[in-house]
K.L.:
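After the structure tokens below, expect a handful of questions from me.
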Amino acid sequence: SCLTLQPDNTWTKHSNLTRHRYSHSSAVYKSDLILIGGGEANTTEVFRHKDNNNNLWELTWDVAEGTDGCAVTTGPGTAVVTGGHGCPKCAYQFNLQTGEKTKLQNMNEGRTSHGCALYQFDGTTTF
């Protein structure tokens, strides 16, 4: 389950995911929290927190590669997923409005259990 840290420094239950997961990655886009992959979650699902009033999670798209230990970052309207134990050199870009997936060129070196940030400078994008 997901937890919320309250102002009095206590933890309360926020919501339940549809599956237990660990070694997942997450990112924030607008008001959505995006969770990608993770052990025991079939490592191919992405969930977005869509309804702040009812604390519901919704399956949004299929990642298609093993993403246990992947990293995710968001940019303008997109999420980029890199690496993971199932495909360490893989990289995908997702359109967050349509869910359309684009396979990016494989990275030169595989990465697992890593962090990821999007940095744009002089027309290049660095992850």
Side-chain angles (χ1 to χ4, degrees):
S1 65
C2 296
L3 302 174
T4 299
L5 180 60
Q6 299 296 332
D8 65 358
N9 210 25
T10 60
W11 292 96
T12 58
K13 183 176 176 179
H14 177 271
S15 57
N16 286 321
L17 301 173
T18 61
R19 295 187 178 164
H20 174 78
R21 53 180 70 232
Y22 59 87
S23 298
H24 57 282
S25 193
S26 61
V28 174
Y29 179 72
K30 295 186 178 180
S31 63
D32 292 332
L33 174 60
I34 303 167
L35 299 181
I36 296 185
E40 295 186 31
N42 201 15
T43 67
T44 59
E45 284 120 357
V46 178
F47 292 86
R48 294 172 62 193
H49 187 218
K50 303 255 324 170
D51 186 339
N52 291 326
N53 294 323
N54 294 318
N55 294 334
L56 299 175
W57 291 87
E58 177 183 299
L59 177 64
T60 56
W61 63 79
D62 185 15
V63 179
E65 298 282 352
T67 53
D68 180 12
C70 71
V72 61
T73 188
T74 57
T78 64
V80 175
V81 179
T82 59
H85 295 286
C87 190
K89 292 185 177 183
C90 289
Y92 288 92
Q93 182 172 355
F94 291 90
N95 179 311
L96 293 173
Q97 301 303 315
T98 67
E100 180 182 350
K101 173 178 63 179
T102 302
K103 172 101 169 71
L104 304 176
Q105 182 175 344
N106 280 351
M107 297 180 288
N108 294 335
E109 295 182 26
R111 290 170 170 78
T112 60
S113 302
H114 60 291
C116 185
L118 176 68
Y119 178 72
Q120 293 181 321
F121 181 73
D122 290 341
T124 63
T125 302
T126 302
F127 301 100

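Note that the coordinates shown come from a computational prediction; the quantities given were computed from them, not determined experimentally.
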K.L.:
Kindly say whether His14 contributes a backbone atom to a donor-acceptor pair with the side chain of Thr4 at under 3.5 angstrom?
P.N.:
no
K.L.:
Compare every heavy atom of Asn106 with every heavy atom of Lys103, then report the nearest pair and how far apart it is.
P.N.:
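Residues Lys103 and Asn106, closest heavy atoms: NZ-OD1, 2.7 Å.
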K.L.:
Atom OG1 of Thr10 and atom CG of Leu5: how far apart are they, to the nearest 0.5 Å?
P.N.:
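Taking OG1 in Thr10 and CG in Leu5, the distance rounds to 7.5 Å.
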K.L.:
What are the two closest non-hydrogen atoms of Ala71 and Gly115, and how far apart are they?
P.N.:
CB-C, 3.9 Å
K.L.:
State the SG-CG distance between Cys2 and Asn16, to the nearest 0.5 angstrom.
P.N.:
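Interatomic distance, Cys2 SG to Asn16 CG, rounded to 0.5 Å: 8.0 Å.
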K.L.:
Looking at Ala91 and Gln105, what are the two nearest heavy atoms and their distance?
P.N.:
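Closest heavy-atom pair between Ala91 and Gln105: CB-O, 4.2 Å.
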K.L.:
Which of these passes side-chain contact (heavy atoms from CB on, under 4.5 Å) with Thr74: Ile34, Val80, Val28?
P.N.:
Ile34
K.L.:
Rounded to the nearest 0.5 Å, what separates atom OG in Ser25 from atom NE2 in His114?
P.N.:
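Here the interatomic distance stands at 7.5 Å.
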K.L.:
Quick one: pull up SG in Cys87 and OH in Tyr92 and give me the separation to the nearest 0.5 Å.
P.N.:
6.0 Å
K.L.:
Does Gln6, at its CD atom, have more than 12 non-hydrogen atoms belonging to other residues, nucleotides or ligands within less than 6.0 Å?
P.N.:
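It does: Gln6 CD has more than 12 such atoms within range.
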K.L.:
Shortest non-hydrogen contact from Glu109 to Lys89?
P.N.:
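For Glu109 versus Lys89, the nearest heavy atoms are C-CG, 4.0 Å.
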K.L.:
Taking everything shown except Asp8 itself, do over 12 heavy atoms lie less than 6.0 Å from its CG?
P.N.:
yes
K.L.:
Determine yes or no for a side-chain-to-main-chain donor-acceptor pair under 3.5 angstrom, with Thr112 supplying the side chain and His85 the backbone.
P.N.:
no
K.L.:
Taking atom NE2 of His24 and atom CG of Asp68, what is their separation to the nearest 0.5 Å?
P.N.:
11.0 Å
K.L.:
I need the Ser15 OG to Leu3 CG distance, nearest 0.5 Å.
P.N.:
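Spacing of OG (Ser15) from CG (Leu3) equals 9.0 Å.
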K.L.:
Quick check: do Thr82 and Arg111 have side-chain heavy atoms less than 4.5 Å from each other?
P.N.:
no
K.L.:
Side chains of Ile36 and Ser26: closer than 4.5 Å at any heavy-atom pair?
P.N.:
no
